[in-house]
Amino acid sequence: MSHLTTSSVAELAVFGGTPAFAEPVHVGRPNLGDREQLLARVNDILDRRWLTNNGHYVQAFERTVAARVGAKHCIAVCNGEIGLEIAIRALGLRGEVIVPSFTFIATAHALQWQEITPVFADIDPETHLIDPESVRRLITPRTSGIIGVHLWGQYCDVDALDAIAREHRLTLLFDAAHAFGCGARARRHGNSPVEVFSFHATKLVNTLEGGAIVTDDDALAQKIRLMKNFGFLGYDNVGYVGTNGKMNEFSAAMGLTSIESMDAFIAHNRRNHDQYRRELADIPGVELHRYDPAAANNYQYVVTEVDTERTGISRDMLLDVLWAENILARRYFYPGCHRMQPYRAYFPNAGLMLPVTERVAARVLVLPTGQAMTPDEVSRVCGVIRCAVAHGPEVARRLIDSGARRHLDPFHE
Ligand code: T4K
């Protein structure tokens, strides 16, 4: 099967054909910078015998990130989730905090871990970003803050959230895990003092595991620095409850090397995205999420929405077809935080308040991109989708009859 045409259903791997890819292709395959440069840095770290605790490379990484995003302070941390937890604590959030349900579970867990209740807001159907009107409806006397998530590298409606935060005296924090390399910081447009990035292996720029908190607020930066290092003010002197949120030197070396190639990563992602757009354009019911051309994006996520009424095959059946071909597409952020534990138990009827989240979570399919994906591979992915949709009802029927389904959707089907 060429995987570039609408071949016969029998040739699909899910029905016994040869998979389109001999090895799995992933969403979130790490981008790698200059390997020699990285190894030279690793050797230098070993020579220095300074492996963690605010070392040379962590300091250089913090300066580089701060310069890239135009922030006065950058505090590198061991991952984005810990970064969120520290920022939430440093800002004094408590009680209830409003977050979108359509986000990675880390956004909600960073609150719940500190016994703060995440209250789930709905999203905009076009952008998938937190809907400020939904936020407004959820404010109670217990609300202390709002976390906006710059999902898919798109900045959420900072001005509207900022206005709500000012009106109700709430603290605004941004989960910018997806947004490194996406232009101006949200803070510039609002009064929020803090943004948190993730540099996990699957992100545009990675430090293996890692994250960063950026702010212009001197006192807050100082507090966050102490909190990520057990609260140590100096040798033998602890001034705060702290945690261990430190980034190590190898991670910082990876991050520095990664940032040096960041523009090339974005250009590669952009080419992949353009190609997906061209090749998916004539497939009915598979819509590529469009990024605002006026806003910078890192194109790290190729997001599609599957409209079953037009494809004749559900999003989850299409996912079964893709996985059999070794194309490990993902249904981020299904089924929405509100349907995961413990939140499902706390708010069993939250779905009634989140109609857009429910609909989007049932439709989104994220496709592989990044440096590891070549134009030929993007074409092969699109070819499989084209074939499955061209024969949608037949593929759906045969999948049900064969019992070959692995991605079921107990929430929406
Ligand atoms: N806020 C938001 C909005 C986030 O999206 C995230 C993280 C956070 C906060 C928290 O930041 P961190 O604490 O993670 O720094 C992945 C990532 O683990 C997670 O970092 C990311 N968001 C989320 C969107 O995606 P999973 O559960 O999909 O991970 P996993 O292991 O399935 O990996 C994704 C794909 O990447 C797989 O298909 C395999 C591939 N992969 C992964 C790794 C680690 C590789 O090819 N090589 C690798 O080394 O969560």
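Both ligands and their constituent atoms are indexed starting at 1 by order of listing. Not measured: the values here are computed from a predicted model. What's counted below: heavy atoms across the whole structure, side chains too, no hydrogens, waters or symmetry copies.
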Output all residues satisfying side chain to side chain donor-acceptor pair (under 3.5 Å) with His200, sequence neighbours left out; order by chain, then residue number.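 For His200 the side chain to side chain donor-acceptor pair (under 3.5 Å) partners, ignoring immediate neighbours, are Thr202.
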Pairs where residues 106-119 contributes a residue and the test salt bridge (charged side-chain N to carboxylate O under 4.0 Å, His left out) is met, not counting sequence neighbours: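 Sorted pair list comes back empty.
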Tell me which pairs pass salt bridge (charged side-chain N to carboxylate O under 4.0 Å, His left out) where either residue lies in residues 341-356, with sequence neighbours left out.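 Non-adjacent pairs meeting salt bridge (charged side-chain N to carboxylate O under 4.0 Å, His left out): zero.
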Which protein N or O atoms sit under 3.5 Å from any N or O of ligand 1? Give each pair with its distance.
unit_1   : atom_1 : unit_2 : atom_2 : d
ligand 1 : 1 (N)  : Asp175 : OD1    : 3.2
ligand 1 : 1 (N)  : Asp175 : OD2    : 2.7
ligand 1 : 5 (O)  : His178 : NE2    : 2.7
ligand 1 : 11 (O) : Ser198 : OG     : 3.4
ligand 1 : 13 (O) : Gly80  : N      : 3.3
ligand 1 : 13 (O) : Glu81  : N      : 2.9
ligand 1 : 15 (O) : Gly80  : N      : 2.8
ligand 1 : 15 (O) : Ser198 : OG     : 2.7
ligand 1 : 18 (O) : His200 : NE2    : 3.4
ligand 1 : 20 (O) : His200 : ND1    : 3.2
ligand 1 : 20 (O) : Lys203 : NZ     : 3.4
ligand 1 : 22 (N) : Lys203 : NZ     : 2.9
ligand 1 : 25 (O) : Tyr332 : OH     : 3.3
ligand 1 : 28 (O) : Arg330 : NH1    : 3.2
ligand 1 : 28 (O) : Arg330 : NH2    : 2.9
ligand 1 : 28 (O) : Tyr332 : OH     : 2.6
ligand 1 : 32 (O) : Arg330 : NH1    : 2.7
ligand 1 : 36 (O) : Val27  : O      : 2.8
ligand 1 : 36 (O) : Gly28  : O      : 3.4
ligand 1 : 38 (O) : His26  : ND1    : 3.1
ligand 1 : 38 (O) : Val27  : O      : 3.4
ligand 1 : 46 (O) : Arg29  : NH1    : 2.9

For this output row, return yes or no: ring centroids of His289 and Tyr301 closer than 6.0 angstrom.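 They do not qualify: ring centres at least 6.0 Å apart.
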Is the centre of the Phe180 ring less than 6.0 Å from the centre of the His150 ring?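 Phe180 vs His150: aromatic centres not under 6.0 Å.
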Arg331/Asp320 salt bridge by N-O under 4.0 Å criterion: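 No, Asp320 and Arg331 are not salt-bridged.
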